[in-house]
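In the text below, chain A, chain B and the rest are named by the order of the sequence lines, each starting its count at 1.
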Amino acid sequence: MIPPYRFEPDRSAASLQEEFGALDPASETGVVVTIAGRMMLRRVQGKLAFATLQDGSGRVQLFAPSATTPRFDALCDRSLGDWLGVTGEVMTTRRGELSVRVDDWVLLAEARRPFPDKWHGISDPDTRFRQRYVDLWVSDDERAILRARSTVVSSMRRWLDDRAFVEVETPVFHPIPGGALAKPFTTHHNALDLDLFLRIAPELYLKRLVVGGFERVYEIARVFRNEGLSPRHNPEFTMIELYQAYADYGDMMVLVEELVAHLARELHGTTVLTYPDRDGVGRELDLSPPWRRATLVELVEEHAGVRVDLDTPIDALRRVCADHGVKVDESWGPGKLLLELYEKTTEHALWGPIFVCDYPKEVSPLARSHRSEPGMAERFEGIVAGRELCNAFSELVDPDEQRARFEEQVSHRDAGDDEAMVVDADYLRALDFGLPPTGGLGIGVDRLVMLLTGATAIRDVILFPTLRPEPNDG
RNA sequence: GCGCCUCUAGCUCAAUGGCAGAGCAACGGACUCUUAAUCCGCAGGUUCUGGGUUCGAAUCCCAGGGGGCGCACCA
């Protein structure tokens with residue numbers, strides 16, 4: 001049997017359930033519909049057969065009496081997993097199950113390999129991620145999560161578009177990696193005989209666009225960082241970065257809390273979610289604005305029980321760090337020490353949502369100096385469910401200061417820090433043309449989706465997570 | 001990169017040093033209202049790979065491979 005080249009279903013399983021869900025048992029409607037999907041279950045009972053057809057929207061039962069079903073035996077012999085196209089009358093069985101009587105059917109595609117156990121599905125994570133095409137058919141939860149991702153991204157786009165943000169695409173190949181502190185992947189362009197880096201962040205290009213007159217821009221950017229894998233890290237992941245001229249980091253806080261609350265409402269109809277804590281116990285999370293705002297220094301005092309800041313003598317600061325189990329590096333300045341202390345003692349203890357405000361300039365090379373706190377930058381991170389969700393600043397707009405910050409980064413690089421930045425001369429030239437006061441924001445999209453769907457592994461929100469290739473062909 | 005755990009039939013899992021098994025799927029049969037259909041029958045294996053210990057290894061040991069988790073790094 002050669003499968004047809006096209007087929008034209010006029011209903012989905014879900015639309016049938018919606019349209020005919022209220023029928024009494026043993027009803028006939030006289031309505032003939034055409035549907036298509038995979039046969040997931042089958043119950044053949046001699047001269048009467050039932051099957052469960054699943055399409056992208058859901059499931060509906062097929063009802064096939066031998067007396068009226070064309071090629072009845074052939075239908076019963078089809079494998080679970082086969083794609084069928086079915087035309088027939090909408091009806092309900094004596095038990096009341098909504099069904100399509102098979103008045104005609106066609107094989108659309110054969111499943112030559114057996115589908116996994118119809119009840120247990122696939123449990124081996126390796127198989128699930130390698131054979132996502134099977135996992136998606138078999139696991140309702142996984143399908144729901146990945147659809148939710150789509151919903152979140154499109155809601156986010158709509159929300160930003162409604163606020164006059166312009167979506168752009170900037171290069172993935174960067175001659176100079178920049179915009180974040182991370183190890184890049186490298187590649188090579190043959191014709192130009194040029195080494196290129198896969199971007200670790202779109203930041204510096206987006207700010208060039210603000211210089212160029214795009215007052216509100218965003219990019220949903222796949223970025224690449226050459227780091228280890230974990231339940232929360234995939235080497236390629238998606239971030240959204242946005243920049244708003246004339247705004248500062250306070251404006252970004254308002255934007256984040258409103259955006260995230262909006263997305264939660266779009267997806268769940270509420271801003272109150274439950275997410276597993278570190279022990280896997282569901283814990284409530286209320287995303288409704290306003291989120292708490294506190295400075296990093298205040299929070300360290302709250303959680304580590306010591307008041308330290310950038311004026312604390314460096315020896316005392318080193319001692320406090322060591323007391324809290326931070327492995328101190330001699331080259332670190334007070335800013336790095338403070339950040340490490342925060343990460344060790346405080347970050348994981350926060351549940352949020354909370355904005356941790358005012359990070360040391362030393363560890364924030366692209367953020368503008370704080371208007372009133374010497375040594376600090378106007379930067380915040382949003383912590384939700386104990387994890388960093390976003391990172392934002394009042395952008396550093398002064399070319400001379402930016403040059404000095406880059407050069408400081410270069411000195412770190414020379415001291416062996418291969419995640420430190422390098423000088424991007426063209427970016428400095430762009431700043432010379434004038435970057436207006438600008439608020440910038442980056443949100444980890446994968447982690448945002450995890451938060452909103454309750455997923456605890458980043459692999460669950462990425463369709464095809466990075467895996468080592470199979471040793472031989474499956 | 002380091003540590004711990006894991007890998008048995010297409011899928012989900014048993015067998016803890018003594019004949020490799022069950023359910024589902026597949027295959028053959030019965031069955032006109034089932035819905036994880038049921039019933040009868042039949043078949044299915046490089047126990048991840050390679051070494052070793054042992055009378056005997058899925059099981060213990062060593063090495064390698066895939067995966068998971070933790071640490072490190074980060075978002």
Side-chain angles (χ1 to χ4, degrees), chain A residues 25-26 40-53 59-69 72 76-81 91-99 101 111-131 134-135 138-139 179-183 200-201 221 223-241 278 280 325 327 339-340 343-344 347 363 381-384 387-392 417-419 442-448 450-451 456-459 465 467-472 474:
Chain A
M40 301 303 281
L41 297 168
R42 180 184 44 211
R43 301 170 287 282
V44 178
Q45 203 158 296
K47 296 195 166 58
L48 178 63
F50 301 89
T52 301
L53 194 76
R59 294 180 165 197
V60 68
Q61 177 165 270
L62 302 180
F63 179 85
S66 58
T68 59
T69 303
F72 177 78
C76 294
D77 284 344
R78 289 320 321 169
S79 301
L80 296 186
M91 49 158 295
T92 55
T93 61
R94 283 180 209 162
R95 293 280 179 89
E97 178 80 16
L98 180 68
S99 306
R101 193 183 62 221
R112 296 207 311 192
R113 295 179 191 245
F115 261 60
D117 187 287
K118 61 190 175 189
W119 188 245
H120 297 99
I122 309 177
S123 70
D124 180 20
D126 187 20
T127 312
R128 286 184 43 218
F129 301 131
R130 287 195 197 284
Q131 301 182 33
V134 177
D135 186 37
V138 165
S139 164
L181 303 169
K183 273 171 279 194
I200 54 175
V223 298
F224 309 86
R225 299 189 185 177
N226 208 337
E227 290 156 1
L229 289 76
S230 89
R232 285 162 299 278
H233 298 85
N234 198 63
E236 55 176 305
F237 64 100
T238 303
M239 47 191 301
I240 178 165
E241 282 200 5
R278 265 154 212 291
K327 279 173 280 176
L339 180 69
E340 291 287 329
E343 287 179 352
K344 188 79 178 182
E347 186 173 19
V363 294
E381 291 191 355
I383 304 290
V384 185
R387 293 282 171 192
E388 178 186 340
L389 178 74
C390 66
N391 185 14
D417 180 356
D418 54 3
E419 294 184 352
I443 302 175
V445 172
D446 312 86
R447 289 192 180 169
L448 174 64
M450 288 169 68
L451 178 74
T456 52
I458 197 167
R459 291 184 170 96
L467 295 173
R468 212 181 280 274
E470 287 178 272
N472 44 38

*Checking all strands, does A:Gly442 fall into the base, sugar-phosphate, or nothing category for heavy-atom contacts under 4.0 angstrom?*
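Nothing, no heavy atom under 4.0 Å.
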*Base, sugar-phosphate, or nothing for A:Pro231, non-hydrogen atoms under 4.0 angstrom?*
sugar-phosphate
*asked:* Let's test your reading of the model: under 3.5 Å, does the base of B:U35 pair with the side chain of A:Glu97 as donor and acceptor?
replied: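 Per atom types, the contact qualifies.
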*Classify the side chain of A:Asp124 and the base of B:G68 as holding, or not holding, a donor-acceptor pair under 3.5 Å.*
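Check fails, no donor-acceptor contact within cut-off.
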*Partner of B:G45 by Watson-Crick or G-U wobble geometry, both contacts under 3.5 Å, or none?*
none
_Watson-Crick or G-U wobble mate for B:C4, both contacts under 3.5 Å_ =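 Pair assignment: B:C4 / B:G68.
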*Taking for each residue the nucleotide of RNA chain B bearing the nearest heavy atom, is the 5' side occupied by A:Thr127 or by A:Pro65?*
A:Thr127
Rounded distance in Å between the [atom1] positions of [N] and [M]:
{"N": "B:A26", "M": "B:G65", "atom1": "C1'", "value": "30 Å"}
{"N": "B:G28", "M": "B:U35", "atom1": "C1'", "value": "24 Å"}
{"N": "B:C60", "M": "B:G70", "atom1": "C1'", "value": "26 Å"}
{"N": "B:C40", "M": "B:G45", "atom1": "C1'", "value": "25 Å"}
{"N": "B:A20", "M": "B:A9", "atom1": "C1'", "value": "11 Å"}

*Of the options A:Leu98, A:Thr93, A:Thr92, which is the one that meets A:Phe63 in a side chain to side chain contact (heavy atoms under 4.5 Å, CB included)?*
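Only match with A:Phe63 under side chain to side chain contact (heavy atoms under 4.5 Å, CB included): A:Thr93.
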*Which value, rounded to the nearest 0.5 Å, describes the distance between A:Leu41 atom CG and A:Leu53 atom CG?*
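Rounded to the nearest 0.5 Å, the CG-CG separation comes to 10.5 Å.
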